[in-house]
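We count ligands from 1, going down the list as the structure has it; atoms in each ligand are counted the same way. Predicted model, so just to flag it, every value in this text is computed and none were measured.
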Amino acid sequence: MSDEWLDTIVDSRRDATARIVVLDLVSPADVELPEFVAGAHVDVLVDSADGLVRQYSLCGPPHDRTRYRLAVLAETASRGGSLGMHRLRKGDRLRISRPRNRFGVSDEARRHLLVAGGIGVTPLLAMAHALEAGGAEYELHYCARSRADSAFLDELEHNPRVRLHFDDGPDDQRFSAATDIGPPARDTAIYVCGPGGFMDFVISSALAAGWPSEAIHKERFAPVQDADVHTADGSFTVRLAKTGGEYEIKEGESVLDVLLAGGVDAPYSCGQGICGECIVRVLAGEPDHRDDILTDRERADGMFTTCSSRAHSPILELDL
Ligand code: FES
């Protein structure tokens, strides 16, 4: 969680669709906002009275540091986050964290295939801005239920690198994994963001077509529901290499919660396995990965999310 909040002011607010509001935030001191890379998100303190924090991607051009742009979908099952954001008006103050850069453009790829479902377009829009500014080769596929449900059409519609796919449109413009993603291509990265079912479809289609998992970059807005895997009795011990402290993690507890309750200054933000802020290195033991952000290579390198992952072994030693 952020311990350093930035004060911002809502400089403009517009309803992009019946359910999506677009907010531009500026500094009250009229100074540049901190730098961010395309794909970054910020924590937003939606309600300071009850500490309600939500994460939203920055969707404006990264080179414009006069403002941060957020687009927020009014969730039907909102627990206050998105509805609180929709109630904001021009001139309102809002506290946010510094940008967190976890989901970024690959340095290794020379071609970039961006696949967005619904409000998942937000981080990919920032990437498209950055790729366009850098003269990179990219394609953005934006899938939405209908034109009326699509935000940013004014800036996307006439871009020849953008393909719009509406569920209620003619068959020939629907998204097709076979043709729009196609077979694996060298030096090409796929980026996908959107609702869980959409992401699962895109990712499984790409993997089935032979794309290596390292080429697929993803950002979810909700954690994967996967509670099927358990250690033998559900508990294990975490040992911290730097202090020697040991903490028992019982069934139903997260490593992060136990460490924080024990006074450990462990990094974190979303608490749901989707932002990557809590990643630490495993030095010994066998992790039971339950996040949805680490690549196979990162897992093989010992990366571990304390907020969502557990252990298959009785002891897990962390570089903390
Ligand atoms: S705190 Fe966000 S992934 Fe762990």
Novice: Go through ligand 1 atom by atom and flag the ones less than 4.0 Å from a non-hydrogen atom of Gly271.
Specialist: 1 (S), 2 (Fe)

Novice: Salt bridge between Asp43 and Arg100, side-chain N to carboxylate O under 4.0 Å?
Specialist: yes

Novice: Which ligand 1 atoms does Cys270 reach within 4.0 Å, using its non-hydrogen atoms?
Specialist: 1 (S), 2 (Fe), 3 (S)

Novice: Return the CG to CZ distance between Asp92 and Arg87, rounded to the nearest 0.5 Å.
Specialist: 11.0 Å

Novice: Ile274 heavy atoms, cut-off 4.0 Å: which ligand 1 atoms fall inside?
Specialist: 3 (S)

Novice: Between OH of Tyr268 and SG of Cys275, what distance do you get to the nearest 0.5 Å?
Specialist: 11.0 Å

Novice: In terms of side-chain geometry, is the basic nitrogen of Lys218 or Asp200 positioned less than 4.0 Å from the acidic oxygen of its partner?
Specialist: no

Novice: Number the atoms of ligand 1 from 1 as they appear, then name those within less than 4.0 Å of a heavy atom of Cys278, with their elements.
Specialist: 1 (S), 3 (S), 4 (Fe)

Novice: If you count the atoms of ligand 1 from 1 in the order shown, which ones are under 4.0 Å from a heavy atom of Cys275?
Specialist: 1 (S), 2 (Fe), 3 (S)

Novice: Please list every donor-acceptor pair under 3.5 Å in which a side-chain atom of residues 30-37 meets a protein atom from a residue at least two apart or in another chain.
Specialist:
none

Novice: For Gly273, take its heavy atoms, then give the atoms of ligand 1 lying under 4.0 Å from any of them.
Specialist: 3 (S)

Novice: Can you classify the ring geometry of Phe175 versus Phe198 as parallel (below 30°), tilted (30 to 60°) or perpendicular (above 60°)?
Specialist: tilted

Novice: Provide the number and element of each atom of ligand 1 under 4.0 Å from a heavy atom of Ser269.
Specialist: 1 (S)

Novice: Need the ligand 1 atom indices (1-based, order shown) with element for anything under 4.0 Å from a heavy-atom of Gly276.
Specialist: 2 (Fe), 3 (S)

